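Okay, structure first, notes after.
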Amino acid sequence: MRLESSFVQKQAQKQTMKLAMTQQLSQSIAMLQFTAADLTAFLEDKALENPLIEVTSGADVSTDYSYKKRKNGTQTENDFLEQVASRLETLSDHLQDQIMLLDLSRSEKQIALYLIESLDSAGYLTISPETVAENLARTETEILDVLQILQSLEPAGVAARNLQECILLQIDRSSDAPYIAYDLLNEHFEDFANKKWKSIAKAFDVELSDIQEVADYVRTLEPKPGSEFETETVQYVVPDLILQQQGSELVVSVARNFLPQIRFQEQYYKQMQDSKEKEVSEFLKQKTGEYDWLKKGMEQREDTLERVGKAIVRHQQAHFIDSKEPLVPLTLKEIAGEIGVHESTVSRAVNGKYLETANGVFELKSYFSSALPKKKENPEDASGVSSTSIKDWISEYIEQEDKKKPLSDQKIVELLEEKDIAISRRAVAKYRLELSIPSSSKRKRFD
């Protein structure tokens, strides 16, 4: 009987230890994929459950902190604080204030407020006048009359039902619009957008340069009149790793000043330890264990991030020394094999994590790029040119092209062949679209 009892007890202990190890592993994986903000929130939640844990947040980001985002191989510099919005006045507030100043009947104000609440964040009306009429038990004419009033308010273009109406509302109240702009966009909006300008020029008996003037003017208008009033949650982008050049050596370190840390509440522990109650002793043992798990998990997170960062820098060393040097092809699998972890671990480590360099702060995942084989090399050779570099060249060619005779995708293929790069016209078109660059026919100017 004692043997059976002992066996059951050992099995229970074994299962408890296995469960604890599984929970610890799951926690470590979660902590690795957390961003700095997510990690802070996670630790603060743990601190609420555990009086032995004190969380210290990372250092505040100063307003002059530079954030640069690498997008499709190009670097654009922005103060990252400009990428978040936190305004005191919403679009709804702004329009309601104007409505209250107008001499409207109670019924008209009711309709106006209903319409205002039916606008999306860009300022467009998301509900049809017919539906509003049904919902408010009014006539459609009454709704359209109030909608016209609403569309006369600031910002220009607000309460439009589509992009065409938004543009026309702005042209209608502008003294700078070309004389044919309103009629042209009112009658031939789709052809204008698709750059079928020759038929439009013939219909209006004007030159293509006149239509080009309209196009240049339209680019000055606001397609989302409500966007300046959008309210977003402020999210600060902070580095997880820091890259510094010390002499000829590139040094990567964890940005601990920006990341949350935990500290053991020694004084509270000692006070509780004076208690002789068994429940208190068990409580302290459990909470101390939780703290140790968290501490170890954070150390593992920092160690993995640092090893991944160092491996990336080793592969992209030329680029980090001189930012004009293109990135070399690099995959998650290569880094995983180099540091001895699973590919999924590297994926968790780079997603949402940032590296501070002398040129700004960049996402770690932006340093990974697939390879394109060079023309005269074996296609199986993975030492070709990265797709990121290809996109850089495509952007450069198009920026420098003659806008009256823009480069076709086939011409770009030929230019890349001069660099000994093998790429199809379809691939060029794909990369061009990923860069949000229109086709040559839509880039052509008619000055």
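Worth saying up front: this structure is predicted, and the values here are computed from it rather than measured. Values reported hereafter were calculated over all heavy atoms of this structure, with side chains retained and with hydrogens, waters and symmetry mates removed.
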Practice item. Start with the C-alpha gap between E190 and K196, add the side-chain angles, then the distance that decides, and say whether salt bridge (charged side-chain N to carboxylate O under 4.0 Å, His left out) holds. Key: CA-CA 9 Å; E190 286 191 17; K196 297 178 179 179; over 6 Å; no
Review point. If you measure from CD1 on I394 to NZ on K430, what distance do you get to the nearest 0.5 Å?
Key: 11.0 Å
Check your understanding: Heavy-atom count around K444 NZ within 6.0 Å, excluding the residue itself: above 12?
Key -> no
Practice item. Assert yes or no for the condition that the ring centre distance of Y367 to F320 is strictly below 6.0 Å. Key: yes
Point to revise | Residues in ring pair (Phe, Tyr, Trp, His ring centres under 6.0 Å) contact with F204, at least two apart in sequence or another chain | key: H188
**Study point:** Heavy-atom closest contact (Y217 atom, S174 atom, distance)
**Key:** OH-OG, 3.0 Å
Check your understanding: Can you find a heavy atom in the side chain of Q300 that is under 4.5 Å from one in the side chain of M31?
Key -> no
Point to revise | For the student: nearest non-hydrogen atoms of Y397 and L415, plus distance | key: OH-O, 3.6 Å
Side-chain donor-acceptor pairs of residues 207-215 under 3.5 Å, sequence neighbours excluded:
from	atom 1	to	atom 2	distance (Å)
D210	OD2	E207	N	3.0
Q212	OE1	F446	N	2.8
Q212	NE2	D216	OD1	3.2

Exercise for review: Ignoring hydrogens and angles, tell me if any N or O in the side chain of T345 forms a donor-acceptor pair with the backbone of V341 under 3.5 Å.
Suggested key: no
Practice item. Flag the pair I412 / W393 as yes when at least one side-chain heavy-atom distance between them is below 4.5 Å, and no otherwise. Key: no
Check your understanding: Do any N or O atoms from the side chain of K391 and from the backbone of E434 form a donor-acceptor pair under 3.5 angstrom?
Key -> no
Exercise for review: With side chain to side chain contact (heavy atoms under 4.5 Å, CB included) as the test, would you mind laying out the steps for Q164 and L168 before giving the verdict?
Suggested key: CA-CA 6 Å; Q164 181 181 15; L168 290 174; 3.9 Å; yes
Review point. Does some side-chain heavy atom of Y114 sit less than 4.5 Å from a side-chain heavy atom of N135?
Key: yes
**Study point:** Sidechain-backbone polar pair: E108 side chain, S105 backbone, donor-acceptor under 3.5 Å
**Key:** yes
Practice item. Please determine if K411 and E401 form a salt bridge, counting it only when a charged side-chain N lies under 4.0 Å from a carboxylate O. Key: no
Point to revise | Contacts of type side-chain hydrogen bond (donor to acceptor under 3.5 Å, both in side chains), residue T126, not counting sequence neighbours | key: none
Check your understanding: Has K403 got more than 12 heavy atoms of other residues, nucleotides or ligands less than 6.0 Å from its NZ?
Key -> yes
Review point. Is there a side chain to side chain contact (heavy atoms under 4.5 Å, CB included) between K224 and C166 once you walk through the steps?
Key: CA-CA 8 Å; K224 297 180 180 180; C166 178; over 6 Å; no
Check your understanding: In this structure, are over 12 heavy atoms from other groups packed under 6.0 Å from D205 atom CG?
Key -> no
Practice item. Give a yes or no on whether a salt bridge exists between D191 and K198, defined as a side-chain N under 4.0 angstrom from a carboxylate O. Key: no
Exercise for review: Could you tell me whether the side chain of V428 reaches within less than 4.5 Å of the side chain of L416, counting heavy atoms only?
Suggested key: yes
Practice item. Decide whether E134 and T131 meet the rule of one side-chain donor and one side-chain acceptor closer than 3.5 Å. Key: no
Can you give the donor-acceptor pairs under 3.5 Å from side chains of residues 148-155 to other protein atoms, not counting sequence neighbours?
from	atom 1	to	atom 2	distance (Å)
Q151	NE2	A159	O	3.0
Q151	NE2	E165	OE2	3.3
S152	OG	I149	O	2.5
E154	OE1	A156	N	3.4
E154	OE2	R173	NH1	2.9

Practice item. Indicate the atoms forming the closest heavy-atom contact of E117 with S92, along with that distance. Key: OE2-OG, 2.8 Å
Review point. Considering only heavy atoms from C-beta outward, does the side chain of V206 approach that of Y179 to under 4.5 Å?
Key: yes
**Study point:** Distance (rounded to the nearest 0.5 Å) between D145 CG and R138 CZ
**Key:** 13.0 Å
Review point. Are any non-hydrogen side-chain atoms of K442 and N194 less than 4.5 angstrom apart?
Key: yes
Scan the side chains in residues 305-312 for donor-acceptor partners under 3.5 Å anywhere in the protein, sequence neighbours excluded, and list what turns up.
from	atom 1	to	atom 2	distance (Å)
R307	NE	D303	OD2	3.3
R307	NH1	I339	O	2.8

**Study point:** Shortest non-hydrogen separation from K195 to R443 and the atoms involved
**Key:** NZ-C, 3.6 Å
Check your understanding: Do other residues, nucleotides or ligands put more than 12 heavy atoms under 6.0 Å from the CZ atom of R425?
Key -> no
Check your understanding: R161 and P129: which non-hydrogen atoms are nearest, and at how many Å?
Key -> NH1-CG, 3.9 Å
Exercise for review: Would you check, one step at a time, whether the test side chain to side chain contact (heavy atoms under 4.5 Å, CB included) holds for R256 with Q261?
Suggested key: CA-CA 8 Å; R256 290 186 178 87; Q261 301 295 324; 4.0 Å; yes
Review point. Does the pair S441 and S439 meet the rule for a side chain to side chain donor-acceptor pair (under 3.5 Å), with working shown?
Key: CA-CA 5 Å; S441 62; S439 64; 3.1 Å; yes
Practice item. Apply salt bridge (charged side-chain N to carboxylate O under 4.0 Å, His left out) to the pair D240 and R301, showing each step before the final yes or no. Key: CA-CA 11 Å; D240 297 86; R301 179 183 187 274; 3.7 Å; yes
**Study point:** Step-by-step side chain to side chain donor-acceptor pair (under 3.5 Å) determination, S395 to D392
**Key:** CA-CA 5 Å; S395 293; D392 284 342; 5.7 Å; no
Practice item. In plain terms, say whether E417 and K419 are close enough for a salt bridge, that is, a side-chain N and a carboxylate O under 4.0 Å apart. Key: no
Exercise for review: Work out which heavy atom in V254 is nearest to a heavy atom in L241; give both atom names and the distance.
Suggested key: CA-CD2, 3.9 Å
Exercise for review: Please tell me if the side chains of F229 and T90 come closer than 4.5 Å, counting only heavy atoms from C-beta onward.
Suggested key: no
Can you give the donor-acceptor pairs under 3.5 Å from side chains of residues 42-54 to other protein atoms, not counting sequence neighbours?
from	atom 1	to	atom 2	distance (Å)
N50	OD1	L52	N	2.9
N50	ND2	K287	O	2.9
N50	ND2	E290	OE1	3.3
E54	OE1	R263	NE	3.1
E54	OE1	R263	NH2	2.8
E54	OE2	R263	NH2	3.0

Review point. Between the side chains of S107 and E142, does any donor sit under 3.5 Å from an acceptor?
Key: no
Exercise for review: Flag the pair V413 / D409 as yes when at least one side-chain heavy-atom distance between them is below 4.5 Å, and no otherwise.
Suggested key: no
